[in-house]
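Right, one structure below, let's go through it.
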Amino acid sequence: MSFQAPKGVSEYVTPRSAIFELVRDQLCAPAKSAGYQYMELPVFEDTALFARGVGESTDIVTKEMYTFEDRGGRSITLRPEGTAGVMRAVIEHALDRGHLPVKVFYQGPYFRAERPQKGRYRQFYQVGVEAIGIEDPLIDAEVIWLADQAFKNLGLKNFKLELTSLGDAESRAKHRVELLKFYETLQLDEATAARAHLNPLRLFDDKRPEMVSAMSKAPLLMDFLSEKSKSHFAQVKKYLDALGVKYELNPRLVRGFDYYTGTTFEFIHQGLGAQSAIGGGGRYDKLMSELGGADLSGIGWGIGIDRTILAAESEAVIPADLASPDLYIIPLGEDASAKTEALRIASNLRNLGKVVDISFGDRALKGAMKSADKAKARYVIVLGDKEITSGEVELKTMSTGVTKSIRISDLKNHI
Ligand code: HAM
């Protein structure tokens, strides 16, 4: 009997796993440099946290959660996203009682029972950030910059940022009245009407052609923004301009969660086909109080690591030799002295941050060279009696085949 990974999960084995590590770390780097603190949270939580946090009108809660009863009869859900769990932890550990904003970042696996296709998986990976407790438009701009900068650092060019504002409660209440009036003019089927009832904005997300066409005439929230929301959004845009972050306004943008308020955005990559959103986020100014915490605002995003990898591959911006050793050492000879020397050299160089591999087993030179080649080693040295006695090796540059005599003690300066 042989086993396969469950349907629709994304997993990374060598050599692609090196790309995963690089992309994940690069996506976290701007947040780290801006003083965001790392959080490591459980992959499962109380089901009610997501039902309340993510929202009952969303596809995620109604169809896509991995929910089960644990042995103690509790309803548990594998986290479909990160924000609700972060809020739970901030409240539970009273992190919001100290210095505000609370700025955190996180990464890990998330789970949604979606129909798998390229770029859409049932277990996928995200990096996320959240900034909680301050409503300053400067925070909105910083949060958006963190994502934009991360994509740029990876070398991505073929992406755009779509931006809108979902306004405050006052803006949405006014818009809601008009939107519901508009829905009365449409013949909505029962399920669609039920969705509209839970969250009227949800229908902007309906991909059916007849709905897209009907919704093209729907009143837009952007036209109902209160003075406060309007000026907040105007300032966010000014800061983004000052930061050199390019955006397109998309007043029809709706996201898959009910918690969004105010500034909302999505990053779209043009090389990905149907699953083109590489990241998205926004403000959620009522989420924390809805989850039993203080009435504090927040803003954040999640970036899909899997899709960012596909984007990076489509733009060919990842170097091919990521997992290659800097040096490959081939010890020769019957006794253990060459192997011991290989170990000594390797550990010295590894302590200096070099990636050093050794040929194991008693392989002949030809086979060992083949392995070095396969591992895409940058340099190779062979250690025999002669080299050990003289303290000098031939350092071979694999890309050119050129060799150079180097003192063993001097290797660190040449690789
Ligand atoms: P989201 O838009 O649902 O937002 O997910 C963020 C990103 O995760 C997406 O843009 C996409 O790249 C990736 N993603 C989502 N679902 C899948 C999937 N099934 N397979 C592969 N990649 C996927 C959130 O999760 C919010 N928590 C973001 C946020 C944080 N908003 C405020 N703070």
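Everything numeric in this text was worked out from a predicted model, so none of it was measured. In listed order, ligands and their atoms are each counted from 1. As a basis for the values below, the full set of heavy atoms in this structure was taken, side chains included, without hydrogen atoms, waters or symmetry mates.
Using a cut-off of 4.0 Å between Lys/Arg side-chain N and Asp/Glu carboxylate O, R378 and D321 are scored as salt-bridged. A salt bridge is defined here as a Lys NZ or Arg NE, NH1 or NH2 lying under 4.0 Å from an Asp or Glu carboxylate O, and D205 with K207 meets this definition.
Any N or O atom pair closer than 3.5 Å counts here, and E81 shares at least one such pair with ligand 1. Considering backbone and side-chain N/O of Y259, one or more are found under 3.5 Å from N/O of ligand 1. Between I278 and ligand 1, at least one pair of N/O atoms sits closer than 3.5 Å. Considering backbone and side-chain atoms alike, E266 places every N or O at 3.5 Å or more from each N or O of ligand 1.
With respect to atom 30 (C) of ligand 1, the closest heavy atom belonging to the protein is T83 OG1, 2.9 Å. What sits closest to atom 32 (C) of ligand 1 on the protein, heavy atoms only, is G300 O, 3.2 Å. Residue, atom and distance of the protein heavy atom nearest to atom 14 (N) of ligand 1 are F124 CE1, 3.5 Å. With hydrogens left out, the protein atom closest to atom 24 (C) of ligand 1 is F257 CE1, 3.3 Å, a heavy atom. What sits closest to atom 19 (N) of ligand 1 on the protein, heavy atoms only, is E114 OE2, 2.6 Å. In this structure, atom 28 (C) of ligand 1 lies nearest to the protein heavy atom G302 N, 3.3 Å. In terms of protein heavy atoms, atom 1 (P) of ligand 1 is closest to R255 NH2, 3.6 Å.
Under a 4.0 Å heavy-atom criterion, Y110 is not in contact with ligand 1. Using a 4.0 Å cutoff on heavy atoms, Y125 does not count as a contact of ligand 1. Contact analysis leaves F267 out of contact with ligand 1, as no non-hydrogen atom separation drops below 4.0 angstrom. For the ligand labelled ligand 1, residue G256 lies outside the 4.0 Å heavy-atom shell.
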*Apply the test side-chain contact (heavy atoms from CB on, under 4.5 Å) to residues R307 and F124: give CA-CA distance (whole Å), side-chain angles for both, the deciding distance (0.1 Å), then the verdict.*
CA-CA 9 Å; R307 287 187 199 169; F124 60 99; over 6 Å; no

*Go through the steps to decide whether E341 and I408 satisfy the test side-chain contact (heavy atoms from CB on, under 4.5 Å), and finish with yes or no.*
CA-CA 10 Å; E341 181 63 2; I408 290 175; 3.8 Å; yes

*Under the side-chain contact (heavy atoms from CB on, under 4.5 Å) criterion, do F105 and Y38 qualify, and how do the steps go?*
CA-CA 5 Å; F105 75 102; Y38 185 63; 3.6 Å; yes

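Side-chain contact of S229 with D168: a donor-acceptor pair under 3.5 Å is present, judged by distance alone. Checking T264 against R255 by side-chain atom types alone, no donor-acceptor pair falls below 3.5 Å. Using modelled atom types, one finds no donor on one side chain facing an acceptor on the other under 3.5 Å when comparing E64 with Y66. No side-chain donor from either of Y121 and Q275 sits under 3.5 Å from a side-chain acceptor of the other. In summary, the side chains of T192 and R208 do present a donor paired with an acceptor at a separation below 3.5 Å, with no hydrogens or angles considered. Residues Y328 and D373 have side chains that never bring a donor and an acceptor to within less than 3.5 angstrom of each other.
For an aromatic pair to be called close, the ring centres must be under 6.0 Å apart, and F267 with F151 satisfies this. Ring pair Y284/F257: centre-to-centre distance not below 6.0 Å.
When each atom of ligand 1 is checked for a heavy atom of A277 under 4.0 Å away, the hits are 9 (C), 10 (O), 11 (C), 12 (O). Every atom of ligand 1 is numbered from 1 in the order shown, and the set under 4.0 Å from a heavy atom of G281 is 31 (N). Near G119, with a cut-off below 4.0 Å to any heavy atom, the atoms of ligand 1 are 20 (N), 21 (C), 22 (N). Those atoms of ligand 1 with a heavy atom of R120 less than 4.0 angstrom away are 19 (N), 20 (N). Those atoms of ligand 1 that come under 4.0 Å of a heavy atom in G304, given as number and element, are 7 (C), 8 (O), 12 (O), 13 (C). Heavy-atom proximity to E130, at under 4.0 Å, picks out these atoms of ligand 1: 30 (C), 32 (C), 33 (N). Of all the atoms in ligand 1, the ones that sit under 4.0 Å from a non-hydrogen atom of R112 are 1 (P), 3 (O), 5 (O), 15 (C), 16 (N), 25 (O).
With Y260, Y284, Y121 as candidates, the residue nearest to atom 20 (N) of ligand 1 on a non-hydrogen basis is Y121. In this structure, of Q126, R283, R115, the residue bringing a heavy atom nearest to atom 5 (O) of ligand 1 is Q126. Looking at A147, G279, G82, it is G279 that brings a heavy atom closest to atom 10 (O) of ligand 1.
No donor-acceptor pair under 3.5 Å is formed between the side chain of K286 and the backbone N or O of A169.
Looking only at side-chain heavy atoms (C-beta outward), L78 and F68 come within less than 4.5 Å of each other.
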